[in-house]
Amino acid sequence: MLTHKPGLFYLAALSAITNSTSSNAGRILQVVLYNAIWFAMPMAALALARRRPVELQDFLRRTTEWVWRRQREIMITAFGILGVYLIVRGVVELRS
């Protein structure tokens, strides 16, 4: 888990869903919707790879270059948002 940051976010989201106050049906719906969103990008990439592989390779090259140039800002922002979420969640639980 420590070497796979997306997996950490996935587990955090599932933890938030299971700790929600909604019904079991509501939790199941939340997990199904979250998984649909989570897997939408890989499914789109697979579809593009089958239909337009040259365009996909060009897009991936440009995206990879952009991410490498901004990796520090991306990590700071992602973990900053996760940190704020966890702090707010902790404060809410302490107050209740």
Side-chain angles (χ1 to χ4, degrees):
M1 180 174 77
L2 294 176
T3 61
H4 189 252
K5 292 174 192 88
L8 178 65
F9 286 104
Y10 185 78
L11 291 177
L14 290 181
S15 174
I17 290 170
T18 58
N19 292 329
S20 70
T21 58
S22 61
S23 66
N24 285 339
R27 289 181 188 148
I28 291 170
L29 178 63
Q30 289 177 37
V31 170
V32 168
L33 288 174
Y34 186 78
N35 281 325
I37 293 167
W38 184 262
F39 292 111
M41 184 75 73
M43 295 303 287
L46 181 61
L48 281 173
R50 300 234 344 125
R51 300 221 181 247
R52 299 181 178 207
V54 174
E55 291 88 350
L56 180 62
Q57 285 179 341
D58 182 51
F59 171 74
L60 290 175
R61 181 189 50 75
R62 287 184 284 119
T63 303
T64 301
E65 290 171 0
W66 183 87
V67 168
W68 274 104
R69 285 193 308 269
R70 292 169 179 84
Q71 65 182 342
R72 181 180 170 139
E73 293 86 4
I74 292 169
M75 294 300 291
I76 290 170
T77 302
F79 282 106
I81 291 169
L82 179 62
V84 168
Y85 164 75
L86 291 174
I87 289 170
V88 168
R89 184 173 162 200
V91 168
V92 168
E93 282 207 24
L94 283 175
R95 300 189 104 208
S96 59

Could you see if F79 belongs to whatever hydrophobic cluster contains I74? Use Ile, Leu, Val, Met, Phe, Trp, Tyr and a side-chain cutoff under 4.5 Å. no
Is it true that I28 and L33 fall in one hydrophobic cluster, defined by side-chain heavy atoms closer than 4.5 Å? no
Running the 4.5 Å side-chain criterion over Ile, Leu, Val, Met, Phe, Trp and Tyr, what cluster does M41 land in, apart from itself?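 Once heavy-atom contacts under 4.5 Å are chained together, M41 still belongs with nothing else.
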Could you list who else is in V92's hydrophobic cluster, with ILVMFWY side chains joined at under 4.5 Å, directly or through other members?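 V84, V88, which link up through side-chain heavy atoms under 4.5 Å apart, make up the rest of the cluster.
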Can you name the residues that form a side chain to side chain donor-acceptor pair (under 3.5 Å) with Y10, not counting sequence neighbours? N35
Residues in side chain to side chain donor-acceptor pair (under 3.5 Å) with R89, at least two apart?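 By the side chain to side chain donor-acceptor pair (under 3.5 Å) rule, R89 matches no residue at all.
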Would you compute the distance between atom CG of L56 and atom CZ of R50 and round it to the nearest 0.5 angstrom?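 One gets 13.0 Å once the value is rounded to the nearest 0.5 Å.
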Find the distance between CZ (R62) and CG (D58) and round it off to the nearest 0.5 Å. 4.5 Å
Closest contact, heavy atoms only, A49 versus P53: O-CB, 3.7 Å
For [X], give me all partners under side chain to side chain contact (heavy atoms under 4.5 Å, CB included), at least two apart in sequence or on another chain.
X: T63; result: F59, V67
X: V91; result: I87, R95
X: R69; result: E65, W66
X: R51; result: none

So, using salt bridge (Lys or Arg N to Asp or Glu O under 4.0 Å) as the criterion, who are the partners of E73 when residues are at least two apart?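 Salt bridge (Lys or Arg N to Asp or Glu O under 4.0 Å) check on E73 returns nothing, list empty.
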Atom CZ of R52 with >12 non-hydrogen neighbours under 6.0 angstrom: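 No, CZ of R52 has 12 or fewer neighbouring heavy atoms, counting only those of other groups under 6.0 Å.
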Could you list the residues that satisfy ring-ring contact (aromatic ring centres under 6.0 Å, His included) with Y85, not counting sequence neighbours?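 ring-ring contact (aromatic ring centres under 6.0 Å, His included) list for Y85, sorted by chain: empty.
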Let's go through I37 and Y34 carefully: what are the C-alpha distance in whole Å and the side-chain angles of both, what is the deciding distance for side-chain contact (heavy atoms from CB on, under 4.5 Å) to 0.1 Å, and is it a yes or a no? CA-CA 5 Å; I37 293 167; Y34 186 78; 5.6 Å; no
Can you give each donor-acceptor pair under 3.5 Å made by side-chain atoms of residues 11-20, sequence neighbours left out, with the distance rounded to 0.1 Å?
{"residue": "S15", "atom": "OG", "partner": "N19", "partner atom": "ND2", "Å": "3.4"}
{"residue": "T18", "atom": "OG1", "partner": "L14", "partner atom": "O", "Å": "3.2"}
{"residue": "T18", "atom": "OG1", "partner": "S15", "partner atom": "O", "Å": "3.0"}
{"residue": "N19", "atom": "ND2", "partner": "S15", "partner atom": "O", "Å": "3.1"}
{"residue": "S20", "atom": "OG", "partner": "I17", "partner atom": "O", "Å": "2.7"}
{"residue": "S20", "atom": "OG", "partner": "S22", "partner atom": "OG", "Å": "3.2"}

Counting C-beta onward and ignoring hydrogens, is there a side-chain heavy-atom pair between W38 and V31 closer than 4.5 Å? no
